[in-house]
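I have placed the structure first, in the form of structure tokens, so that the comments after it can refer back to it.
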Amino acid sequence: MTIGERIALLRKRAGLSQEKLAALIGVSRQAIGKWESNLSLPGIDNLQELARVLGVSCDELITGVSTTQPDAPNGQVALESVKSLLTQQTETSRRADRRRFLLGLIPALLACLLALGAVGFSCVLFFRAQGLEDELAALSGRISALQGQLAAGIGTNDPSDSAALVADYSCSYTLLPGGKAVRLQLEALPKSVAAGQSASFSLIAGDQNLVQPATAEGGGFRAEFEIPLTGEYNDFKVSFLLKDTAGNTEQELLFTESEFLTRYTIWLSLDPDTFAAARQSDGSWIIGGRMALSVERSEELYPVAGSLELVIEGKTVQRIPLEAATFDEFADSGDGGADDQAPVATGFISYTDFPIRQYAASGAEEITVIARITDNKGGEHTASWSAA
């Protein structure tokens, strides 16, 4: 396992998105993506911050070997681990150089091919004489393979590729009212359809394998999925299936989704500023002070209202609404037309003061403060803090 794969695995175990991890260690989300894809590697300073946030030692993050020994003094990393990191950095740099070299060859090769057509047969004889014809053929094959990879990456298929089942496809997402599920609309255009053939789409998420029959329309096929916004659907893949009258089925992967839920999740963090809960000798509690609520919107959802609640013995004894002005910067402007601008604000920190009071709750084992945020689709998001 590479260091990038370890970073991705530990991040997901910690329940962090790339954006959240980037904010915690003070780098960009693109940097996290490059580290996890092994396109680049973190420096020693960033490595130490990663290890701290992900709850492992620097040596374990670099080598993958768990150890009961603490990191070296003063936050230094063991010499062998530094050597391992430098070796990986060197190999990453070499891979990047090779990719840049290959991509740099592509325009040069295309120019050479155009020149071949203009100069004619004499240039072909020259290249043959120089023994370069085989090299050009090999490079041309690499270009074709690269084009196929790029096409797969952006969700389209090259119609000239005889191995592909689908000539083209499209997909779109719609967040459903209540903010608990997303509708996925799919359209696929097969290269050819014989009489009597039927089609369907499959969506695989972990142990879930959903199959939706498709409706024929204009030479293509359409279908819809309703995707619950639950953890098991954070990563999934969608395929197209074409079945003939004999029961034989052809299948092609259309696309995959990773960290899907981050588009539809509002992140909440609730922490005490001056808030305190003190148990008295008679069993009662003295409770009060300021709570800090941090809210971060997603791509599709933003907060429109909220409140903080003080809960004792399962009963809400105090509820303080957040001021309406807190959410003004999130509201959509205009009448919903094409020229409307997206909300500017991406998050906020709000402070709420609970009056200091004494509560007779002799049987209470725990005091809880709950933050409730309502989003623009009517869904509710919560965060809590407790004092035993």
Side-chain angles (χ1 to χ4, degrees), residues 12 15 17-19 152-157 165-190 193 198-243 249 251-268 295-305 330-343 346 372-382:
K12 291 180 180 179
S17 65
Q18 289 184 344
E19 292 84 351
I154 63 174
T156 59
N157 297 291
L165 174 64
V166 177
D168 197 6
Y169 78 89
S170 64
C171 64
S172 62
Y173 296 99
T174 303
L175 184 63
L176 297 178
K180 301 299 182 183
V182 173
R183 178 181 294 114
L184 169 59
Q185 296 177 306
L186 295 160
E187 294 185 26
L189 178 65
V193 180
S198 60
S200 59
F201 292 87
S202 74
L203 187 152
I204 298 177
D207 296 332
Q208 303 294 320
N209 186 359
L210 310 179
V211 177
Q212 187 68 32
T215 302
E217 184 174 311
F221 293 92
R222 302 183 62 182
E224 293 183 354
F225 286 98
E226 188 169 306
I227 307 173
L229 292 177
T230 57
E232 60 190 334
Y233 289 95
N234 192 42
D235 304 306
F236 61 83
K237 58 184 179 180
V238 175
S239 299
F240 177 73
L241 297 85
L242 192 62
K243 185 177 182 180
T249 301
Q251 179 173 334
E252 181 175 335
L253 176 66
L254 298 182
F255 62 92
T256 61
E257 285 284 6
S258 179
E259 297 191 358
F260 177 72
L261 298 186
T262 59
R263 303 183 197 174
Y264 307 96
T265 300
I266 292 180
W267 299 93
L268 305 181
V295 180
E296 182 180 343
R297 67 164 291 163
S298 68
E299 294 180 23
E300 301 291 336
L301 297 177
Y302 58 87
V304 296
F330 293 94
D332 288 321
S333 60
D335 57 3
D339 294 332
D340 286 351
Q341 298 296 316
T346 59
R372 301 185 187 276
I373 293 293
T374 302
D375 63 44
N376 54 307
K377 297 294 183 179
E380 185 178 79
H381 308 262
T382 63

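The backbone N or O of Val182 sits nowhere less than 3.5 Å from a side-chain atom of Tyr264 that would complete a donor-acceptor pair. Looking at Asp375, its side chain never comes within 3.5 Å of a backbone N or O of Tyr302 through a donor-acceptor pair. Counting only distance, with no hydrogens or angles, the side chain of Asp168 and the backbone of Leu189 share no donor-acceptor pair below 3.5 Å.
With ring centers used as reference points, Phe260 lies under 6.0 Å from Phe236.
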Run the side-chain contact (heavy atoms from CB on, under 4.5 Å) check on Thr265 and Leu301 step by step: do they pass?
CA-CA 7 Å; Thr265 300; Leu301 297 177; over 6 Å; no
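At least one side-chain heavy atom of Lys243 sits under 4.5 Å from a side-chain heavy atom of Thr249. Counting heavy atoms from C-beta outward, Leu229 and Leu175 have side chains that approach closer than 4.5 Å. Looking only at side-chain heavy atoms (C-beta outward), Arg297 and Pro303 come within less than 4.5 Å of each other. The closest side-chain heavy-atom distance from Pro190 to Val166 is not below 4.5 Å.
Side-chain atoms of Tyr169 and Glu252 include no donor-acceptor pair closer than 3.5 Å.
The side-chain hydrogen bond (donor to acceptor under 3.5 Å, both in side chains) test applied to Gln18 returns Arg29, Glu36, not counting sequence neighbours. Checked against side-chain hydrogen bond (donor to acceptor under 3.5 Å, both in side chains), Gln251 has no partners two or more places apart in sequence or in another chain.
Put simply, the residue from Glu300, Glu257, Gln185 that forms a side chain to side chain donor-acceptor pair (under 3.5 Å) with Tyr173 is Glu257.
Sorted by first and then second residue, the salt bridge (charged side-chain N to carboxylate O under 4.0 Å, His left out) pairs with a member in residues 201-214 form an empty list; sequence neighbours excluded.
For the atom pair OG (Ser239) and CG (Leu254), the distance works out to 6.0 Å, reported to the nearest 0.5 Å.
More than 12 non-hydrogen atoms from other residues, nucleotides or ligands lie less than 6.0 angstrom from CZ of Arg263.
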